[in-house]
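Working notes, structure below.
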Number of protein chains: 2
Amino acid sequence: MSKSNTTTICSMCESMSSCFQQLKFEQLENISQNKVQIKFNKKEIVAKQGSFATHIIFIKKGFVKLYIESASQDKNLIINFFSKGSLIGLSSLFESNTYQYSVATMLPSELCLIEVSEIKKLVVKNSEFAISLLKRSHKSTIHAYNQMFNLTQKQLLGRISSAFIYLSESVFESDKFELILTRNELANFTAMSTMSAVRAINDLKKQEIISDNNGIIEILNKEVLVKISKFG
Amino acid sequence: MSKSNTTTICSMCESMSSCFQQLKFEQLENISQNKVQIKFNKKEIVAKQGSFATHIIFIKKGFVKLYIESASQDKNLIINFFSKGSLIGLSSLFESNTYQYSVATMLPSELCLIEVSEIKKLVVKNSEFAISLLKRSHKSTIHAYNQMFNLTQKQLLGRISSAFIYLSESVFESDKFELILTRNELANFTAMSTMSAVRAINDLKKQEIISDNNGIIEILNKEVLVKISKFG
DNA sequence: CAGTAAACGTGATTCACATCACAATAAGGA
DNA sequence: TCCTTATTGTGATGTGAATCACGTTTACTG
């Protein structure tokens with residue numbers, strides 16, 4: 001990682017999240033003065049589970065995964081993916097001062113690290129900002145509940161199908177998208193072995209429900225995909 | 001359920017949650033005037049997944065479970081348990097206007113249903129209140145992440161052990177407690193079959209890690225229990 | 001651009017857990 | 001109080017998915 005030599009002023013940032021749009025000009029200036037903007041290569045760790053959380057991570061550009069590592073480190077569970085405009089690390093902020101998860105880039109990314117104390121001040125000053133943080137937080141909670149259900153109550157094909165629907169609708173926002181994730185990462189997101197992920201994907205390909213051209217996934221038969229994702 | 005004939009004034013409520021302690025007297029009076037206090041028997045549904053969420057649920061007394069129902073209704077996943085002082089339904093409030101989960105009593109309970117609009121007003125007016133809601137929300141998120149990890153990465157005994165530790169430390173707050181939950185509910189909380197839950201519990205009993213006297217659970221060997229919960 | 005590591009893939013085997021079948025006990029309702 | 005239903009329990013069987021073993025292809029990296 002390297003500190004960017006062209007730090008953008010927050011009020012000029014075209015990736016600005018909905019939260020920050022609630023802020024007044026001078027409040028945004030405060031953020032601007034209490035952040036660092038950093039460039040990361042792909043596959044770099046941005047936040048490490050267990051370490052002190054002194055900053056909130058804002059994604060200006062790129063793509064990251066948020067995941068939980070096991071003690072033995074061999075089993076990772078990917079909780080979610082985030083791209084431009086996302087804000088990460090809020091839960092560590094109010095609940096505990098250490099990260100409860102790790103965050104790593106999956107593409108070259110530009111991130112802004114904003115001081116926790118600055119965010120806290122703004123929550124007190126600006127109730128619109130507080131509400132938009134509340135919305136984000138509840139979105140995370142609902143996503144986690146859904147995933148808990150998906151991962152524990154559905155089997156292989158249902159989990160993979162749910163994952164493709166989620167990626168298509170909520171992450172890449174298109175029926176055709178570059179997957180970016182490896183089979184191993186998809187396995188870690190769906191709580192199965194890499195081998196099972198490979199088999200499940202090829203199964204969907206053979207049934208012509210999805211296609212995969214060098215990493216470009218296209219959902220060919222959404223109706224059936226949804227049916228599989230619901231049945232289990 | 002039946003509307004309580006002795007509605008407590010919020011400012012006199014001895015179950016008052018930390019959130020409400022942030023409120024000024026007249027704000028608490030507003031809550032008081034915009035709530036209904038209702039008595040529920042055990043095993044009654046308080047909130048039904050999919051229905052409109054017009055109220056926030058405050059637990060004045062009793063014990064409830066929050067769970068997600070499957071389409072076929074035969075598979076339930078219990079997300080969490082709540083007792084006196086808890087506030088439920090906030091995520092439905094900001095993210096969607098329908099409940100993403102169901103809530104049911106497990107003991108006779110007294111609940112206060114507070115109008116969503118009233119809570120929203122207070123979040124805007126009182127930033128301390130907003131922050132305490134943020135804290136609660138993040139606590140839910142972190143719990144969900146932990147559970148996701150537990151349920152997907154650990155096996156039977158690890159999951160049951162984690163569950164007993166959670167119940168002991170975070171729900172009943174004692175090494176000795178009345179279980180309240182049936183084997184089936186414990187299975188739904190640990191994402192396994194009822195039969196497996198029965199076997200796993202009896203396994204822990206045989207190893208003298210826990211004891212069960214007519215539903216009174218005692219953790220006899222916490223050290224080993226923690227070890228099992230970590231290994232998986 | 002060769003060498004090595006990471007990612008992708010297929011078939012055979014193993015194992016954890018669900019399911020089935022059935023019994024005993026406890027709880028709640030007419 | 002009896003009758004029904006929920007809850008707890010044990011052993012045998014079946015199966016979904018992990019693991020193992022191995023080969024192929026694609027991407028880094030000096």
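Scope of the values below: all heavy atoms of this structure, side chains included, with no hydrogens, waters or symmetry mates.
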Q: Return yes when atom NZ of B:Lys205 has more than 12 non-hydrogen atoms of other residues, nucleotides or ligands closer than 6.0 Å, and no otherwise.
A: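 Counting other residues, nucleotides and ligands, NZ of B:Lys205 exceeds 12 neighbours.
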
Phosphate OP1/OP2 of [N]: any [X] side-chain N/O under 4.0 Å:
X	N	result
A:Asn202	C:dT10	yes
A:Lys42	D:dC28	yes
A:Lys205	C:dG9	yes

Q.
Nearest to the side chain of B:Arg159, heavy atoms from C-beta on, is which of C:dT19, C:dC17, C:dT10?
A.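 Out of C:dT19, C:dC17, C:dT10, the nucleotide with an atom closest to B:Arg159's side chain is C:dC17.
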
For the ring pair [X] and [Y], is the centre-to-centre distance below 6.0 Å?
X	Y	result
B:Phe20	B:Phe58	yes
B:Phe63	B:Phe172	yes
A:Phe81	A:Phe189	yes

In whole angstrom, what separates [X]'s [atom1] from [N]'s [atom2]?
X	N	atom1	atom2	result
A:Met195	C:dA12	CE	P	16 Å
A:Leu179	C:dC8	CG	P	8 Å
A:Gln155	D:dA17	CD	P	4 Å
A:Leu204	C:dG9	CG	P	13 Å
A:Ile201	C:dT10	CD1	P	11 Å
B:Asp203	D:dG9	CG	C1'	14 Å
A:Leu186	D:dA17	CG	P	15 Å
A:Asn214	D:dT26	CG	C1'	10 Å

Q. Is it true that A:Lys222 and A:Glu169 have a side-chain N and a carboxylate O under 4.0 angstrom from each other?
A. yes

Q.
Heavy-atom nearest nucleotide on DNA chain D for A:Ser193 versus B:Leu181: which residue maps closer to 5'?
A. B:Leu181

Q | Comparing B:Lys43 and B:Met192 on DNA chain C - which has the more 5′ nearest nucleotide | A | B:Met192

(Q) Students often get this wrong, so: under 4.0 angstrom with heavy atoms, is B:Thr182 touching a base, only sugar-phosphate, or nothing? (A)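 Sugar-phosphate: the residue B:Thr182, judged by heavy atoms under 4.0 Å, touches backbone atoms but no base.
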
(Q) With hydrogens left out and only the distance checked, is there a donor-acceptor pair under 3.5 Å joining B:Arg199's side chain and the base of C:dT19? (A)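 By the distance-only test, yes, there is a pair.
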
